[in-house]
Number of protein chains: 4
Amino acid sequence: MRKRPQQERSQQMVAALIEATALCISKYGLDAVTTPKIAEIAGVSVGSLYQYFDDKQALIEALIENGTHEVVKALQSLITQIESDSLEEIVKQSIQYGFSLLRQSDGLYLEIVKNWHRLPMQKMVDVMQSFSLDFGRLFFTKHYQTHSIQNLHVKFFIIVNSTLFTMMQSMSGQNAMISQDDITNELTDMIVRYLQQEDPKPLVV
Amino acid sequence: MRKRPQQERSQQMVAALIEATALCISKYGLDAVTTPKIAEIAGVSVGSLYQYFDDKQALIEALIENGTHEVVKALQSLITQIESDSLEEIVKQSIQYGFSLLRQSDGLYLEIVKNWHRLPMQKMVDVMQSFSLDFGRLFFTKHYQTHSIQNLHVKFFIIVNSTLFTMMQSMSGQNAMISQDDITNELTDMIVRYLQQEDPKPLVV
Amino acid sequence: MRKRPQQERSQQMVAALIEATALCISKYGLDAVTTPKIAEIAGVSVGSLYQYFDDKQALIEALIENGTHEVVKALQSLITQIESDSLEEIVKQSIQYGFSLLRQSDGLYLEIVKNWHRLPMQKMVDVMQSFSLDFGRLFFTKHYQTHSIQNLHVKFFIIVNSTLFTMMQSMSGQNAMISQDDITNELTDMIVRYLQQEDPKPLVV
Amino acid sequence: MRKRPQQERSQQMVAALIEATALCISKYGLDAVTTPKIAEIAGVSVGSLYQYFDDKQALIEALIENGTHEVVKALQSLITQIESDSLEEIVKQSIQYGFSLLRQSDGLYLEIVKNWHRLPMQKMVDVMQSFSLDFGRLFFTKHYQTHSIQNLHVKFFIIVNSTLFTMMQSMSGQNAMISQDDITNELTDMIVRYLQQEDPKPLVV
DNA sequence: GATGAATGAGCTTTCATTCAT
DNA sequence: AATGAATGAAAGCTCATTCAT
């Protein structure tokens with residue numbers, strides 16, 4: 001950020017610009033986002049946009065940064081909501097929560113996931129990763145004190161990405177025949193089985 | 001395609017253009033694909049490009065179409081290579097094969113997966129979906145004649161997407177700490193457990 | 001014309017090209033006429049087109065030249081059809097004939113009149129002018145031997161242009177409320193009065 | 001118009017762009033009007049052109065719109081200048097005025113009439129039509145209260161088009177032998193006779 | 001002669017960014 | 001600080017014309 005907004009008005013402006021960027025992305029898609037349009041929606045001049053952000057990229061970074069905080073809050077809110085001790089319940093509710101997040105803000109998050117690699121997602125990735133990892137450790141410590149789980153960070157990397165992108169794909173409209181409920185149940189099933197501790201059966205059938 | 005290439009030279013040109021597009025995408029990224037650049041790389045004039053393709057989109061579609069055929073061939077080649085009857089072996093080899101595909105052509109396929117939703121992937125999706133579904137049916141008919149599996153198409157939708165995008169993410173460089181072998185093993189584990197037939201244990205721990 | 005077509009096949013080709021040009025103009029409009037399209041419609045290669053015509057312009061000139069001959073024939077056919085000695089009848093039939101000409105060939109002539117000044121019309125103008133002038137002289141010599149008419153060439157210049165462009169405008173669709181019959185009758189009335197010989201009434205009312 | 005010009009400078013720019021378009025058309029012809037050329041002549045960048053006009057077409061429309069206003073003013077100015085009650089005088093002066101208009105602005109109006117059907121002339125047509133119709137009604141009410149004229153709108157459609165296109169043709173250089181005075185006098189004669197009220201003589205001579 | 005693949009200048013249009021006010 | 005007019009490089013695409021086969 002080019003300039004630390006020190007006055008209240010400036011902070012409002014920065015906030016308005018980020019919000020306008022979000023609106024632009026969710027409404028028109030990432031490709032249609034232009035700085036003049038953002039400024040117009042924010043009710044601000046382009047010049048001002050460039051007073052607070054080095055370039056378009058910086059603006060989007062700020063948006064993702066903001067989004068990261070929101071996601072953290074969402075995750076925290078999620079774990080307080082979960083009361084059950086059932087792994088299945090926890091997973092299922094998490095997935096449902098994820099679907100609702102992806103639908104929020106007119107699909108802003110969906111658009112972000114779709115354009116994942118074009119956006120500076122590193123921080124959000126890290127946060128989600130470490131959050132779910134912490135949660136996982138907590139959970140497994142609580143229920144399986146005796147033996148720690150191998151490769152927990154790998155497992156959660158896989159789970160998080162599988163879930164996220166499968167949800168995204170299922171929401172992207174091309175797969176008409178599959179209901180969100182089916183996705184939720186089956187994803188849940190997959191993850192739960194994956195995380196269960198007993199030795200897998202011999203794999204040769 | 002605007003004009004059916006009738007002479008050998010034309011076919012070479014069409015091929016060169018598609019190849020140049022592939023090169024552009026894999027080398028510079030999808031955003032840097034411009035018709036002048038493609039033409040230049042193909043060693044051809046812009047006009048020639050438009051003799052054979054209605055527009056840039058058509059060129060990319062042709063590339064994806066080509067890719068779809070290659071993927072089909074790759075999948076067919078894959079199933080002939082698999083000798084084991086072990087589900088684990090099959091899954092593991094498939095994933096390894098997938099990784100090798102994603103690395104092919106200077107990462108063209110990786111770039112394609114990254115830009116999934118900006119590309120006309122419908123056909124490739126269909127092909128992969130139906131191929132894996134057929135394969136799955138075959139496999140389960142062979143080994144579990146007595147009971148068919150519920151929601152097989154949902155399961156494979158989840159498996160295909162989870163695997164594809166998890167591999168893509170793991171290859172995207174941001175996750176330095178996780179080895180491809182770990183991903184392969186854990187993904188395999190997840191999928192195998194998911195597809196195993198016995199009733200899941202009670203989920204409340 | 002670059003080359004005198006001496007062989008029968010060449011003449012057919014020239015004819016086919018001119019016809020294709022006519023078709024192109026009447027079907028797609030003058031702006032949409034492209035040499036590749038003409039060649040394609042003529043069933044001939046672009047190269048051949050340029051074997052017989054220096055450039056696009058030359059092709060269009062040939063078309064207009066052809067058209068000029070057709071118009072001459074049409075005019076000759078017109079005067080043989082006219083049996084009445086009534087000036088009004090002659091004018092009216094001429095106008096009706098003109099309307100039918102403008103509608104011929106899918107509106108080719110209409111398109112030509114619309115694009116009058118972008119086309120090499122000199123020859124057709126001359127022919128029409130001199131033809132109508134001859135006819136006028138003949139007519140007036142027959143009926144008013146005693147006194148020749150002043151400014152006959154000016155009068156016919158005015159009459160021909162007025163009629164032609166008024167017809168064109170009335171056919172161009174924007175003047176929904178005026179029927180072709182009204183146009184015909186009123187134009188006839190105007191021309192007949194104009195050509196009548198008695199001294200006009202004092203013009204101050 | 002894409003953007004309402006809010007500052008004085010912007011209005012100057014819009015004006016400069018329209019003027020440059022006019023200059024382009026009158027100097028090089030409608031076909032040579034390109035956005036880079038217009039911008040260059042206006043002393044402005046292409047980008048600026050597109051800040052104020054959606055596209056080339058919009059620019060031309062604005063020019064025609066401007067022209068329409070000028071024509072209206074010209075017509076109003078014309079009727080105030082006419083003092084005579086003589087129909088002949090009125091017509092003659094109108095035609096002379098028309099010639100002077102067509103010559104104005106380096107022949108811009110002449111070029112517009114030449115390219116009539118390629119330009120969005122509807123509004124100008126309407127204005128000219130209704131203006132001349134109003135004037136005609138007024139005139140005939142004043143002088144021939146007893147009987148209204150049949151088909152006045154048809155008559156004026158014919159008169160306006162005949163005059164306009166005949167003038168245009170006579171100015172287009174191809175008709176070397178006919179002086180503008182001759183055109184003026186004969187056109188006047190034709191129109192005056194046309195509008196005179198007595199029953200036409202029997203038309204068979 | 002005939003072909004049609006190949007050319008490339010040039011057009012319309014967009015948009016991130018700057019800078020005079 | 002704020003504005004928004006102005007920029008101009010660069011994109012996608014067309015089509016009259018040429019020339020190797």
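Just so we're on the same page: letters track the sequence lines, and every chain starts at 1.
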How many angstroms lie between atom CZ of A:R118 and atom CG of A:L30, to the nearest 0.5 angstrom?
->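 The distance works out to 4.5 Å.
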
How long is the gap from CG on C:N66 to CE on C:M124, to the nearest 0.5 Å?
-> 9.5 Å

Is there a Watson-Crick or G-U wobble partner for E:dC19 with both distances under 3.5 Å, and which nucleotide is it?
-> F:dG4

Answer yes or no: does a side-chain N or O of [X] lie under 4.0 Å from OP1 or OP2 of [N]?
| X | N | result |
| --- | --- | --- |
| A:S45 | F:dG4 | no |
| B:S48 | E:dA6 | no |
| D:Y50 | F:dG8 | no |
| A:T35 | E:dA16 | yes |

Euclidean distance, atom [atom1] of residue [X] to atom [atom2] of [N] [Å, nearest integer]:
| X | N | atom1 | atom2 | result |
| --- | --- | --- | --- | --- |
| C:L17 | E:dG1 | CG | P | 13 Å |
| C:Q12 | E:dG1 | CD | C1' | 15 Å |
| B:D55 | E:dT12 | CG | P | 20 Å |
| C:E40 | E:dT3 | CD | P | 14 Å |
| D:Q57 | E:dC11 | CD | C1' | 15 Å |
| D:D54 | E:dT14 | CG | C1' | 13 Å |
| D:F53 | F:dA6 | CZ | C1' | 15 Å |
| D:Q51 | E:dT18 | CD | C1' | 13 Å |

Give D:V46 one of three labels, base, sugar-phosphate or nothing, depending on what nucleic acid heavy atoms sit under 4.0 Å from its own.
->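 Since a base atom lies under 4.0 Å of D:V46, the category is base.
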
Select base, sugar-phosphate, or nothing to describe what D:P36 touches, counting heavy atoms under 4.0 Å on all strands.
->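 Base contact - D:P36 has a heavy atom under 4.0 Å of at least one base atom.
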
Which sits closer to the 5' end of DNA chain E, A:K56 or C:V44, going by the nucleotide each is nearest to?
->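 Its nearest nucleotide being more 5', the pick is C:V44.
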
From CA spacing to verdict: side chain to side chain donor-acceptor pair (under 3.5 Å), A:E70, A:Y109 | CA-CA 11 Å; A:E70 280 181 32; A:Y109 285 107; 3.0 Å; yes

Starting at the 5' end of DNA chain F and moving along, which residue's nearest nucleotide shows up first, C:G47 or D:L49?
->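 Residue closer to the 5' terminus by nearest nucleotide: D:L49.
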
Hey, which sits more toward the 5' end of DNA chain F by its nearest nucleotide, A:M13 or B:T34?
-> A:M13

Answer whether the closest heavy-atom distance between the side chains of B:E61 and B:L119 falls below 4.5 Å.
->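 When only atoms from C-beta onward are counted, B:L119 and B:E61 do not touch, as no gap falls below 4.5 Å.
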
Check whether any side-chain heavy atom of D:L59 sits under 4.5 Å from a side-chain heavy atom of D:Y52, and report yes or no.
-> no

Out of F:dA2, F:dA5, F:dA16, whichever nucleotide has its closest atom nearest the side chain of D:Y52 = F:dA5

